[in-house]
Structure formats: C-alpha cells, structure tokens
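So the structure is just underneath, and the comments pick up after that.
Here the structure is a predicted model, which is why all the values come from computation and not from measurement.
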Amino acid sequence: MSTITLISGSTMGSAEYVAEHIAEILENHGFSTKVLHGPSLDDLPLEGLWLVVTSTHGAGDLPENLQSFADAIIQQHPDLSRVTFGAVGIGSSEYDTFCGAIRSLEQLLADHKAKRIGDRLEIDIQQYEIPEDPAEEWVKEWAKLL
C-alpha cells in the first residue's frame with residue numbers, strides 16, 4: 001500500500017492539528033502516512049495519494065505557508081495526472097469566502113490533471129468547536145474509497 005501524503009496549510013494551527021489527527025486515524029486503519037506542514041512542491045512525490053488540509057486566510061486566500069506550493073504549481077505546470085487527492089477545508093461561514101482556500105487549491109490541482117477522490121469536506125468553525133471531530137468521521141468514510 002502506498003503512503004498517503006498529508007499536506008497542511010495553516011495560519012493559526014487548526015489545519016495542522018486536523019492533518020495530524022487524520023494521519024493517526026489512517027495509520028490506525030493500516031495506512032502509511034507522511035505529514036508535511038507547508039511543503040514546497042519539491043517536497044512532494046508527483047504521484048500517489050495526497051490529502052490536502054487547509055484553512056482559509058483573509059479573503060478566501062491560502063495560508064502563507066501553503067502559498068509558495070500553489071505558486072510553484074502555477075509557475076512550473078507539473079503533470080499531476082498520477083496524483084489522486086482528498087480535500088479538507090477549514091473556515092468560518094460568517095465570511096462569504098468560506099473555505100475559499102481549499103476550493104481554489106482543489107481547482108488548481110484539477111487544472112493540472114490531479115483527480116479528487118470522494119467529496120471535499122468543509123469544516124465550519126462556527127458549527128464545530130473542535131474541527132478534528134467532523135474530520136474524523138469524514139476520513140473514515142473517505143478511506144473506504146481507497
């Protein structure tokens with residue numbers, strides 16, 4: 001079984017905590033994981049399975065620690081046709097750009113031929129005090145698709 005590479009982008013740490021929690025659950029279900037917080041494109045295999053977890057910053061923007069990753073994809077135009085991915089966004093529904101970061105990053109990956117597995121999870125911090133809770137339920141179902 002191949003390793004699931006978890007990619008987190010966070011300003012205040014919530015996405016990092018969620019990514020670490022998801023990795024623990026996946027490992028308990030027999031998967032191998034590697035968690036990268038704010039990686040560069042060069043840190044990632046351009047094949048296999050990625051799980052992207054990001055919060056939204058500002059007006060629907062990616063967190064600063066993930067922006068260079070997205071910029072590298074835009075500038076280098078990598079072929080991501082051998083990448084499949086899952087997507088988890090964290091945001092607040094009190095903003096009209098709710099989960100804008102994961103939506104734009106998901107589109108960027110798809111534009112470079114990566115294929116999403118399952119539905120995107122959007123965690124509303126107005127609804128969930130602990131974002132790890134909905135992530136835990138989602139990843140158990142998502143793992144069944146692998």
Side-chain angles (χ1 to χ4, degrees), residues 1-41 43-74 78 80 82-146:
M1 182 180 310
S2 64
T3 297
I4 300 171
T5 303
L6 286 95
I7 301 164
S8 77
S10 189
T11 301
M12 304 295 285
S14 294
E16 290 179 10
Y17 298 135
V18 169
E20 295 283 349
H21 188 66
I22 287 173
E24 184 178 317
I25 292 164
L26 289 169
E27 288 173 5
N28 288 340
H29 283 84
F31 293 95
S32 171
T33 66
K34 180 177 182 180
V35 181
L36 300 172
H37 302 299
S40 70
L41 184 58
D43 294 333
L44 296 164
L46 298 183
E47 62 183 14
L49 185 56
W50 296 356
L51 180 50
V52 183
V53 181
T54 187
S55 60
T56 296
H57 176 72
D61 301 319
L62 287 169
E64 190 174 308
N65 74 337
L66 209 52
Q67 188 61 55
S68 63
F69 166 70
D71 290 344
I73 293 173
I74 292 167
L80 301 179
R82 296 182 358 199
V83 171
T84 53
F85 70 96
V88 177
I90 302 169
S92 173
S93 61
E94 66 185 354
Y95 298 101
D96 60 357
T97 56
F98 172 65
C99 286
I102 193 62
R103 293 175 188 182
S104 63
L105 188 55
E106 180 180 4
Q107 185 61 54
L108 181 62
L109 294 174
D111 288 348
H112 288 83
K113 300 186 176 121
K115 295 165 217 60
R116 190 183 75 201
I117 296 175
D119 293 330
R120 173 183 57 241
L121 172 64
E122 295 182 350
I123 301 170
D124 183 358
I125 61 168
Q126 297 298 316
Q127 187 176 3
Y128 296 98
E129 186 174 327
I130 302 171
E132 290 89 337
D133 291 346
E136 181 170 337
E137 295 308 311
W138 176 87
V139 76
K140 289 176 184 175
E141 294 303 312
W142 183 78
K144 292 176 184 176
L145 302 174
L146 305 179

- Query: Between K144 and E141, is there a salt bridge with N-O shorter than 4.0 Å?
  - Reply: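 Judged by the 4.0 Å cut-off on N to carboxylate O distance, E141 and K144 do form a salt bridge.
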
- Task: Look only at the side chain of R103 and the backbone of L105, and say whether a donor-acceptor pair between them is shorter than 3.5 Å.
- Result: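 A pair under 3.5 Å: no.
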
About how many Å separate [atom2] of [Y] and [atom1] of [X], when rounded to the nearest 0.5 Å?
{"X": "W142", "Y": "I25", "atom1": "CH2", "atom2": "CD1", "result": "12.0 Å"}
{"X": "T5", "Y": "E47", "atom1": "OG1", "atom2": "CD", "result": "10.0 Å"}
{"X": "W138", "Y": "R120", "atom1": "CH2", "atom2": "CZ", "result": "11.0 Å"}
{"X": "T56", "Y": "L62", "atom1": "OG1", "atom2": "CG", "result": "8.0 Å"}
{"X": "L66", "Y": "D61", "atom1": "CG", "atom2": "CG", "result": "12.0 Å"}
{"X": "H37", "Y": "S10", "atom1": "NE2", "atom2": "OG", "result": "9.0 Å"}

- Start with the C-alpha distance between H21 and E136, add both sets of side-chain angles, then the distance that settles side-chain hydrogen bond (donor to acceptor under 3.5 Å, both in side chains), and finish with yes or no. CA-CA 8 Å; H21 188 66; E136 181 170 337; 2.8 Å; yes

Shortest non-hydrogen contact from [X] toward [Y]:
{"X": "S32", "Y": "T3", "value": "OG-OG1, 3.2 Å"}
{"X": "A19", "Y": "L6", "value": "O-CD2, 3.4 Å"}
{"X": "G9", "Y": "A15", "value": "O-CB, 3.1 Å"}
{"X": "I123", "Y": "P134", "value": "CG2-CG, 3.8 Å"}
{"X": "T54", "Y": "P63", "value": "OG1-CD, 3.1 Å"}
{"X": "S8", "Y": "N65", "value": "O-ND2, 4.1 Å"}

- Message: Under a 3.5 Å cutoff, is there a donor and acceptor pairing between the side chains of D111 and Q107?
- Response: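 Side chains of D111 and Q107: pair found under 3.5 Å.
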
Count the heavy atoms belonging to other residues, nucleotides or ligands that lie under 6.0 Å from [atom1] of [X], then report whether that count exceeds 12.
{"X": "E129", "atom1": "CD", "answer": "no"}
{"X": "Y17", "atom1": "OH", "answer": "no"}
{"X": "E64", "atom1": "CD", "answer": "no"}
{"X": "K115", "atom1": "NZ", "answer": "yes"}

[Y] side chain reached by [X] side chain, heavy atoms, under 4.5 Å:
{"X": "L41", "Y": "L46", "value": "yes"}
{"X": "I22", "Y": "T33", "value": "no"}
{"X": "L49", "Y": "F31", "value": "no"}
{"X": "L109", "Y": "V83", "value": "no"}
{"X": "D43", "Y": "F69", "value": "no"}

- Between E106 and V52, does a side chain to side chain contact (heavy atoms under 4.5 Å, CB included) hold up when you go through it step by step? CA-CA 9 Å; E106 180 180 4; V52 183; over 6 Å; no

